[in-house]
There are 2 protein chains.
Amino acid sequence: MKRDQKRAQLVEIAMKLFDRYGYHATGVDRIIAESGIAKTTLYRHFPSKEDLIVTCLAKRDERFRDEMRECVEATGHDPRERLLATFDYLQTWFDSPAFHGCPFVCAAGEYCEQNHPVFQQAILHKRLVIAYFEELAHAAGFTDAKNVAREINLLHEGAVAAAQVLGHEGVAAHAKQTARRLLAA
Amino acid sequence: MKRDQKRAQLVEIAMKLFDRYGYHATGVDRIIAESGIAKTTLYRHFPSKEDLIVTCLAKRDERFRDEMRECVEATGHDPRERLLATFDYLQTWFDSPAFHGCPFVCAAGEYCEQNHPVFQQAILHKRLVIAYFEELAHAAGFTDAKNVAREINLLHEGAVAAAQVLGHEGVAAHAKQTARRLLAA
DNA sequence: CTATATCGATACAGATCAGTATCGTATAAA
DNA sequence: TTTATACGATACTGATCTGTATCGATATAG
């Protein structure tokens with residue numbers, strides 16, 4: 001296994017564990033135990049656990065937005081339906097067994113100092129997602145695309161929190177329907 | 001200081017620290033240091049840290065819903081405005097310096113096993129809040145009060161998450177305006 | 001005054017935490 | 001074959017974690 005593969009595997013295992021058990025509750029020892037990679041190797045790739053967390057979040061952000069884009073692209077060309085298709089991606093996310101709430105909101109909850117790199121990574125992710133919503137809203141002909149994007153984001157975040165605590169049964173579909181009515185109003 | 005006062009103070013200090021630093025990151029040693037109460041005394045009142053957390057969340061839930069009720073009662077008698085007034089309470093919460101996201105969502109993120117007492121406490125809180133929304137929606141004459149309550153909840157949760165990560169500037173007001181448009185549609 | 005209960009202070013146990021130091025090994029390019 | 005690089009295994013450090021054990025002080029009720 002190449003060096004880059006080991007690094008990638010560390011990130012992959014760490015992401016899974018951080019999602020499942022949280023950031024403070026997941027020790028470095030557990031990450032190396034489940035990945036079968038020596039602790040020394042981990043610290044050759046990442047100077048600290050904090051650095052590993054930030055790397056994991058950056059990877060999550062990249063993957064999240066890529067997959068959401070794919071879901072939107074697969075929807076078709078109706079610009080309003082494309083905006084609403086973001087909720088379909090939410091549903092597939094909720095239905096996956098690995099779903100335990102938004103990793104970025106959880107991370108922001110555990111590292112809630114404004115200047116903390118982990119918190120900053122959460123901010124960055126949310127901004128990028130909203131920017132994508134705005135892009136879709138603009139394409140759908142909304143003159144107040146910024147405002148529409150913020151509303152869609154409200155429903156997204158609400159759906160994630162509701163699915164996390166109360167269960168994912170039809171939450172995304174309900175949020176999508178709510179968004180549809182909102183866009184029509 | 002009486003026994004009950006000490007217990008109450010422990011809960012108060014612990015709530016503040018859990019909110020600010022998270023649940024795993026807040027050690028028992030810190031709680032006793034900031035409260036000036038001996039560790040033995042803490043463990044005479046609470047059999048474990050987990051038990052203290054659950055007690056804190058129960059107290060938070062009680063206070064949260066009481067204060068939200070007060071805010072609604074102070075609004076007047078227009079039933080629809082009373083439903084929308086729940087967003088005004090959100091804004092006062094966001095503006096308080098102690099706001100660091102929803103304590104229940106954060107707790108659910110750190111203890112995300114379904115059967116864990118902490119997670120169960122989060123579920124209970126969310127159900128009670130939604131039940132209150134439904135009560136207000138019913139009073140406002142909505143025949144689909146259950147559905148309206150879920151929609152209001154989506155916007156509430158979304159506003160909390162957005163305020164936590166991206167800042168509280170006008171988030172609640174925006175959510176309120178969105179809710180108003182939604183109810184009119 | 002005496003009995004009971006609660007308290008604070010301290011030390012401790014045993015586990016786990018993040019991170020480092022050491023050393024022998026495997027691989028691959030030169 | 002030599003050299004450089006990354007690796008695993010292990011042991012370790014010093015701090016911190018939850019929780020307990022011990023003991024003397026204090027306060028209150030009968």
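Naming: A, B, ... by sequence-line order, numbering from 1 per chain. What you see is a predicted model, and the numbers here were worked out from it, not measured in a lab.
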What's the [atom1]-[atom2] distance between [X] and [N], to the nearest Å?
X	N	atom1	atom2	answer
B:His45	C:dA5	NE2	C1'	12 Å
A:Lys6	C:dT27	NZ	P	11 Å
A:Arg7	D:dT5	CZ	C1'	17 Å
A:Phe46	C:dA18	CZ	C1'	16 Å
A:Ile32	C:dG19	CD1	P	13 Å
A:Asp4	D:dA6	CG	P	11 Å
A:Ile31	C:dC17	CD1	P	10 Å

>> My understanding is that only residues two or more places apart in sequence, or in another chain, count here; which of them pass ring pair (Phe, Tyr, Trp, His ring centres under 6.0 Å) with A:Tyr111?
In response: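 For A:Tyr111, the residues satisfying ring pair (Phe, Tyr, Trp, His ring centres under 6.0 Å) (neighbours in sequence not counted) are A:His24, A:His116.
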
>> For the backbone of B:Ala25 and the side chain of A:Glu110, can you confirm whether one donor and one acceptor N or O come within less than 3.5 Å of each other?
In response: no

> Any side-chain heavy atom of A:Phe99 sitting closer than 4.5 Å to one from B:Cys112?
Replying inline: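 A side-chain contact under 4.5 Å is absent here.
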
> Are A:Leu57 and A:Phe18 side-chain neighbours, meaning at least one heavy-atom pair lies under 4.5 Å?
Replying inline: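 No; the side chains remain at least 4.5 Å from each other.
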
> Between A:Arg150 and A:Glu134, is there a side-chain N and carboxylate O pair less than 4.0 Å apart?
Replying inline: no

> Which pairs with one or both residues in residues 26-59 of chain B pass ring-ring contact (aromatic ring centres under 6.0 Å, His included), sequence neighbours excluded?
Replying inline: none

N/O contacts under 3.5 Å, protein versus nucleotides 17-24 of chain D?
from: D:dT18; atom 1: OP1; to: B:Lys49; atom 2: NZ; distance (Å): 2.7
from: D:dT18; atom 1: OP2; to: B:Val28; atom 2: N; distance (Å): 2.8
from: D:dG19; atom 1: OP2; to: B:Tyr43; atom 2: OH; distance (Å): 3.1
from: D:dG19; atom 1: OP2; to: B:Lys49; atom 2: N; distance (Å): 2.8
from: D:dG19; atom 1: N7; to: B:Lys39; atom 2: NZ; distance (Å): 3.2
from: D:dG19; atom 1: O6; to: B:Lys39; atom 2: NZ; distance (Å): 2.8

